[in-house]
Participant: 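Pasting a structure here, questions to come.
Chain naming here is simple, since letters A, B, ... match the order of the sequence lines and numbering starts at 1 in each. Source: prediction; values computed, not measured.
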Amino acid sequence: MNRYQSEDEIVNVVRGFEACETGADDFHHGEHLAVAVWYLHTMDRDAALDRMRAGLLRFLDHYEGNTSKYSEPITVFYIDRILEKMKELGHHPFPLPSANLSEAYVNTLGVRMGQCSYCGFCERFACGNYSKASAQTTILPVLMKKPNFELRTDSEVLKVNLTQDGKMARSVTFLDAQGVEYEQPADVVAVCAYALMNVRMMLLSKIGTQYDPVSGKGTVGRNYCYQTSAGARLMFDDKHFNPFIGAGALGQTIDDFQGDGFDHSKLDFVGGAGISCTVSNGRPISNRPTVPGSPRWGAKWKQATVDGYQNSMGFGSQGSSYPVRENYLDLDPTYTDRHGRPLLRITFDFPDNDVRMSHYMSEQLEKLTKPFSAKYTAVARLQKGWNSVPYQSTHNTGGAIMGTDPTTSAVNKYLQSWDVPNVFVVGASAFAHNAGMNPTGTVGALAYWAAEAITTKYIKSPGALVPA
Amino acid sequence: MSKTLWAAVFVALSVPALAATTDAGKYQVILGDCEGCHGKDLAGGVVLETPFGRMVAPNITPDKETGIGNYTAQEFNLAMKRGVAPGGKRLYPAMPYPYYAHMPDSDVSAMWDYLRTVKPVKNRVNVNQLRFPFNLRVLMRGWNALFFRPQPIADASKSAEWNRGSYLVNGPGHCGACHAPKNAFGADKRALTGTSLQGWFAPDLTSEHHAGLGSWSRVDMVEYLETGRNAHSLASGPMAEAVENSTSRMTMADLDAMAVYLKDVPPSKGNGGGASGIDAQMKAGARAYELSCVACHGRDGKGSALFPPLAGNAAVRQVRADTVVRTVLAGAKAVATPKAPTGPGMPSFGWRLTDEQVANILTYVRNNWGNQAPAISPETVKRIRSELHSSS
């Protein structure tokens, strides 16, 4: 059977068949199948059946002078089997949801945002076109105008200070850019740092108790999760992918292997992953993919770099991460920061379940990338023994999880500390698991959820919002 | 009845009355844009660069030592409307008393009541940093004799709304202080045809169609003054301050009146029309525009919901290039108001565009998509670049 390299080739086969230009000797099962798949790919089942029937009758009439060989039941049977098979193997790609703006937009607060120009400087840079939805572009301009709002940039909170009995927060101590120390009194403290830093701040401030993986007791540092990735890189000849045209999350994704959304009955793991193909991180100096085995220096390295830049594309998968007893966060016994405070220590390796899940995704990537017939295809396969050096993901979650039981969670459903009720800990630290996608949407939703609880419940009646 | 009780009754009766006049007085401070020069806390310190040297706005909080805490109501009125401070000291017309002279005494008195309630701030300001001989205040006697002739601005043949607008524009709003051309002695001509000051070109506000606001509707004008933006333009530079401190806080009725008046200001002579013999500049400008400007302002020059259009934008078609050149070289930050809170910024391109490239881009922008305005030369860009450099 033919391997078709492009849609054009298939369209040609279809045209040849429909116009009876393809000779009867050149129209075999492979061509017949290609035409059927093309019909089912571009129209619904009944239309595909009608088109196939009409085409076959014309073809038979043209070459044989009669249509007696045509069989309606066989045509119907094949159309339905092919459709079934296509559904079984086929994926359902859709544009990757993202907070990059495809057109100018005015949000509900009246803040205006510009259309993305695909400049390729999305990740790691602020956006000059106001096309990246972040707090800086969407809400801070409004908050800055409020008389009761003040933003102190370049400041660092050292700790949340508790009352003598440790039951309430009374202030935070912070340093400004000049290193001057301040104490800011507070009735409510919202710890809204990055997930890992939320956990560190709680531990440094003695809010809640440190989780101990041996006894299984303690709540802060518990249920730390990461993200279990898989990916593929393809190298071609003579392509022009122009990766400098890009955005942070510009591409297509499939959820066919996401979470519990597919059949796990014959699989040896729980969870799943989203698989995406995006154009991102294409800046010419930072992005230099070369075919493995290429020279590492000199003129040939330069040539390999030039070739690789325009000819490389990738797929990535963001997989779920489940908590296990031995993955956790605590304060480092040895290393400290410039203020002498212990750093956060991450104790982590990929759980066996997640490794099996990731290997399954690698297999899907192999199937998915095979039809591309690239000059070189590499599908990564996750190994045990987590390594901090190659960048994998910024999606850290857990460590100060929300829950219903104060003995197994650090905060209640309103993200209120079980131990110090005027402290709310907001961020991905609240997730008990990490799903197979970016956590930001959930972080935002939980922030609104906690803010509503603070303003409508806590302020009116300070104290524990959920009885312990 | 004891004295104490009388005092208590007096306080109880007078507090609401005082609150009403201070609210009215606060509105006068908004109309007069006092914060624009004297600062948010009115304690002074804002520097005004004039052709005669540097002036710093004084402290007008009730601090007795460094502010105007020792003024009487009468002295305040004289300073506001005649430019004469206590002791006969002559004010410079950077303090726009020729405009405030139109204010009724009751409004000046309400303003005074309000100013007595603001927080006193101790801040000594060295106001007069003008060059000799302009630093001699006595000169202002002669200046006043020549140029300070407050004339009635009411016009009985026009509507009440037009007259209110005229009063706001030519009175407390002192629009001409920036937008009117000056004579050699720094006196405003009675026109709103635009002029250069402080490194910007305060644009033509007349109903002329190329450089003026002829294409703006009344609604466009109100939207701009209220929010700092409309479909044509964004307020930045000194106008951003005027919108933030003054016009965005005015009543809709007053903004509408200003729009009615401005729509009726007779057209200026325009900007001198489009440039000719600029084929090379247009071609080079189009190429440079494509590389540096298209992402935000669009290939069609129409901008977007966020970025202002360049096609049909009067700000880019002013007779002088000060504002557009400085915006390209140094960038600009639009005002943020409650109704338009974004305050978008345009980045500086001075570090990567040569004088010639800036001149080409702007000549192209000023003569494309129906725009018509004189060409800009690399020498002009060079001069403005060096002025920006020396002022920063």
Side-chain angles (χ1 to χ4, degrees), chain A residues 98-153 242-248 250 279-280 282-285, chain B residues 26 35 40-41 119 223-224 226-236 240-241 243-245 248-249 289-310 327-328 331-349 351-352:
Chain A
S98 84
N100 295 133
L101 272 73
S102 56
E103 58 184 78
Y105 176 68
V106 184
N107 78 11
T108 51
L109 299 169
V111 179
R112 284 165 189 267
M113 304 178 71
Q115 180 180 341
C116 175
S117 63
Y118 307 105
C119 75
F121 283 79
C122 206
E123 56 297 329
R124 293 160 215 263
F125 297 91
C127 177
N129 283 60
Y130 299 76
S131 311
K132 240 164 81 170
S134 60
Q136 287 89 333
T137 50
T138 58
I139 194 163
L140 280 176
V142 177
L143 292 179
M144 296 292 283
K145 291 276 163 196
K146 296 207 178 274
N148 61 349
F149 180 85
E150 189 186 337
L151 178 73
R152 300 219 177 174
T153 54
N242 290 344
F244 51 86
I245 306 167
L250 172 68
V279 192
S280 190
R283 291 175 299 283
I285 293 173
Chain B
K26 185 174 185 182
E35 291 179 13
K40 289 255 182 244
D41 59 358
K119 191 178 159 212
E223 186 185 3
Y224 182 86
E226 187 199 8
T227 69
R229 72 166 300 285
N230 63 17
H232 304 280
S233 204
L234 289 173
S236 60
E241 294 164 23
V243 169
E244 181 174 0
N245 299 320
S248 68
R249 297 155 78 190
Y289 180 89
E290 178 83 18
L291 291 174
S292 292
C293 318
V294 161
C296 295
H297 295 288
R299 196 161 277 126
D300 54 9
K302 286 186 179 156
S304 71
L306 177 66
F307 302 113
L310 302 176
T327 300
V328 172
K333 180 100 172 87
V335 66
T337 58
K339 289 267 177 74
T342 317
M346 159 146 165
S348 152
F349 285 82
W351 61 280
R352 69 178 180 87

Participant: If we ignore hydrogens and angles and just use 3.5 Å, is the side chain of B:Thr342 paired with the main-chain N or O of A:Arg112 as donor and acceptor?
Facilitator: yes

Participant: Mind ranking B:Lys339, B:Met346, B:Arg229 by heavy-atom pairs under 4.5 Å with chain A and telling me who comes out on top?
Facilitator: B:Arg229

Participant: Does any backbone or side-chain atom of A:Leu140 lie under 4.5 Å from a heavy atom of chain B? Answer side chain, backbone, both or neither.
Facilitator: neither

Participant: Taking all non-hydrogen atoms of both residues, which atom of A:Asn129 and which atom of B:Ala295 are closest, and how far apart?
Facilitator: ND2-O, 3.6 Å

Participant: Could you have a look at A:Lys146, A:Met144, A:Met113, A:Glu103 and say which one has the most heavy-atom pairs with chain B under 4.5 angstrom?
Facilitator: A:Met113

Participant: Please report the shortest heavy-atom distance between B:Ala305 and A:Val106, naming the atom on each side.
Facilitator: CB-CG2, 4.3 Å

Participant: What part of B:Pro344 lies closer than 4.5 angstrom to a heavy atom of chain A: side chain, backbone, both or neither?
Facilitator: both

Participant: Should the heavy atoms of other residues, nucleotides or ligands under 6.0 Å from NZ of B:Lys119 be counted, would the total exceed 12?
Facilitator: no

Participant: Do A:Val111 and B:Pro341 have side-chain heavy atoms sitting under 4.5 Å apart?
Facilitator: yes

